[in-house]
Amino acid sequence: MEDNHIYQYSLLNALMDGVSETGIPVSKLQTKGNQGLGTFSRMNGELLFLDGKVYQLQAEGNIREADASDQIPFAVSTNFVPQQTTTVEFRDKNDIETALDGFNAKAANLYMTYRITGRFEYLKCRTVRGQQFKGESLSELGKRQSVEEYENVSGTVIGFRTPKNWQGFGVAGEHLHFVNDDRTAGGHVLEVTAQQVQMQMALVANVHIELPTNADFNAAHLVTDDDGVKKVEG
Ligand SMILES: [Zn+2]
């Protein structure tokens with residue numbers, strides 16, 4: 001992997017369609033950079049890839065380190081090398097977008113990736129509980145997701161931002177996952193406030209997409225559902 005190139009497995013549209021039985025093994029994702037996010041087979045929890053380790057962020061905020069053979073039906077990762085490091089305050093989640101916009105005025109139609117570290121005053125995270133039947137859509141799963149709140153917690157947020165008006169094949173606009181320093185809590189970030197955290201950012205102009213070759217992917221409709229994505233990914 002070249003620095004700040006994105007590797008993506010499958011398409012968000014396929015995940016929205018519920019295509020999540022199989023994919024690449026954890027051991028393969030571990031060769032695709034140093035940070036990433038995604039989900040596991042049957043969308044059982046959120047995936048966070050950080051410095052060689054892949055974590056499964058499960059309902060109720062439980063965490064387990066994934067096995068090398070666990071299947072990943074959707075993931076995005078990069079070999080992150082920061083191009084800018086700043087100290088930032090987040091009054092709410094929108095301030096992340098503001099910080100990204102401030103980094104480079106010509107990045108509206110580029111991907112960005114970032115890492116935020118430090119003490120967060122407040123975090124609201126969700127974890128998907130997993131499909132109850134094969135092919136259940138991500139929109140349905142969003143309706144019974146597990147939501148946890150954390151206060152004064154130290155940890156790391158990994159994020160990817162898709163070009164603003166181009167979300168169909170992307171990673172749902174602003175998409176970020178959190179894990180605490182103890183690796184005992186985390187999830188997909190819905191809300192965040194922080195008085196002073198470190199934010200590192202990089203632009204991405206190269207995206208490598210690997211598509212599944214299985215029958216489920218072949219049968220997926222892949223219709224872009226921006227409203228559905230917005231609802232479930234926040
Ligand atoms: Zn997520």
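The structure displayed is predicted, hence computed values, not measured ones. Side chains included, hydrogens not; waters and symmetry mates left out as well; all remaining heavy atoms used. FYI, the numbering just counts along the sequence from 1.
Here D92 contributes atom CG and T193 contributes atom OG1; the two are 9.0 Å apart, rounded to the nearest 0.5 Å. With rounding to the nearest 0.5 Å, the separation of CZ in F80 from CD1 in I6 is 11.0 Å. Within the model, atoms CG of D70 and OG of S41 stand 8.5 Å from one another, a figure rounded to the nearest 0.5 Å. The line from CG of L222 to CE of M16 is 12.0 Å long, rounded to the nearest 0.5 Å. Separation of atoms CD (Q145) and OG1 (T127) is listed at 8.0 Å; rounding is to 0.5 Å. Separating the CG atom in D3 from the CG atom in N206 is a distance of 11.5 Å, to the nearest 0.5 Å.
A donor-acceptor contact shorter than 3.5 Å links the side chain of E121 to the backbone of Q195. In this structure a side-chain-to-backbone donor-acceptor pair under 3.5 Å is missing from D67 to S69. Side-chain N or O atoms of E140 include none that pairs as donor or acceptor with a backbone N or O of E136 at under 3.5 Å. Q71 contributes a side-chain N or O that, together with a main-chain N or O of G23, makes up a donor-acceptor pair within less than 3.5 Å. Between the side chain of T113 and the main chain of G159, a donor-acceptor pair closer than 3.5 Å is present. At distances below 3.5 Å, not a single donor-acceptor pair connects side-chain atoms of D17 with backbone N or O atoms of V19. Listed for the D95 side chain is a donor-acceptor partner under 3.5 Å among the backbone atoms of R91.
Between the side chains of Q131 and S20, a donor-acceptor pair is found at a separation under 3.5 Å. Donor-acceptor pairing under 3.5 Å is lacking for the side chains of N34 and D51. Judged purely by distance below 3.5 Å, without hydrogens or angles, the side chains of Q200 and R115 never pair a donor atom with an acceptor atom. For the residue pair N180 and T184, a side-chain donor N or O sits within less than 3.5 Å of a side-chain acceptor on the partner. Residues E148 and S146 bring a donor and an acceptor atom of their side chains to less than 3.5 Å of each other.
Taking every heavy atom of both residues into account, F217 and P212 meet most closely at CD2-O, 3.3 Å. Closest approach of P25 to A68, counting heavy atoms only: CB-O, 3.6 Å.
Linking Ile, Leu, Val, Met, Phe, Trp and Tyr residues whenever their side-chain heavy atoms come within less than 4.5 Å leaves I158 and V81 in two separate clusters.
At least one side-chain heavy atom of T87 sits under 4.5 Å from a side-chain heavy atom of Q196. Between R161 and D101, some side-chain heavy-atom pair lies under the 4.5 Å cut-off. For the pair V147 and K124, the minimum side-chain heavy-atom distance is below 4.5 Å. Residues N44 and R129 form no side-chain contact, since every pair of their non-hydrogen atoms from C-beta on lies 4.5 Å or further apart. For the pair H177/Y55, no side-chain contact is recorded, criterion being any heavy-atom separation below 4.5 Å from C-beta on. Side chains of T86 and Q84 form a contact here, defined as non-hydrogen atoms less than 4.5 Å apart. The shortest distance between side-chain heavy atoms of I63 and V179 falls below 4.5 Å. At least one side-chain heavy atom of N4 sits under 4.5 Å from a side-chain heavy atom of Q83.
Y7 belongs to a hydrophobic cluster with M1, Y9, I24, V26, L29, F40, L47, F49, V54, I72, counting contacts under 4.5 Å between side-chain heavy atoms of Ile, Leu, Val, Met, Phe, Trp and Tyr, direct or through other members. Hydrophobic cluster of F90: the remaining members, joined at side-chain heavy-atom separations below 4.5 Å, are V88, I96, L100, F103, L110, M112, Y114, I116, F120, L123, Y150, V153, V157, L176, F178, V189, V192, V197, M199, M201, L203, listed by chain and number.
A salt bridge does not link R126 to E149: none of the charged nitrogens lies less than 4.0 Å from a carboxylate oxygen. The residues E151 and R119 are annotated as not salt-bridged, no charged nitrogen and carboxylate oxygen being separated by less than 4.0 angstrom. A salt bridge does not link E65 with R183: every distance from a Lys NZ or Arg NE/NH1/NH2 to an Asp or Glu carboxylate oxygen is 4.0 Å or more.
Listed by chain and number, the residues in a salt bridge (charged side-chain N to carboxylate O under 4.0 Å, His left out) with E21 are R42 (sequence neighbours excluded).
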_Worked verdict on L37 versus V76 for side chain to side chain contact (heavy atoms under 4.5 Å, CB included)_ = CA-CA 6 Å; L37 45 79; V76 56; 3.4 Å; yes
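Checking K32, E2, H5 one by one against H208, the side-chain hydrogen bond (donor to acceptor under 3.5 Å, both in side chains) holds for a single residue, H5.
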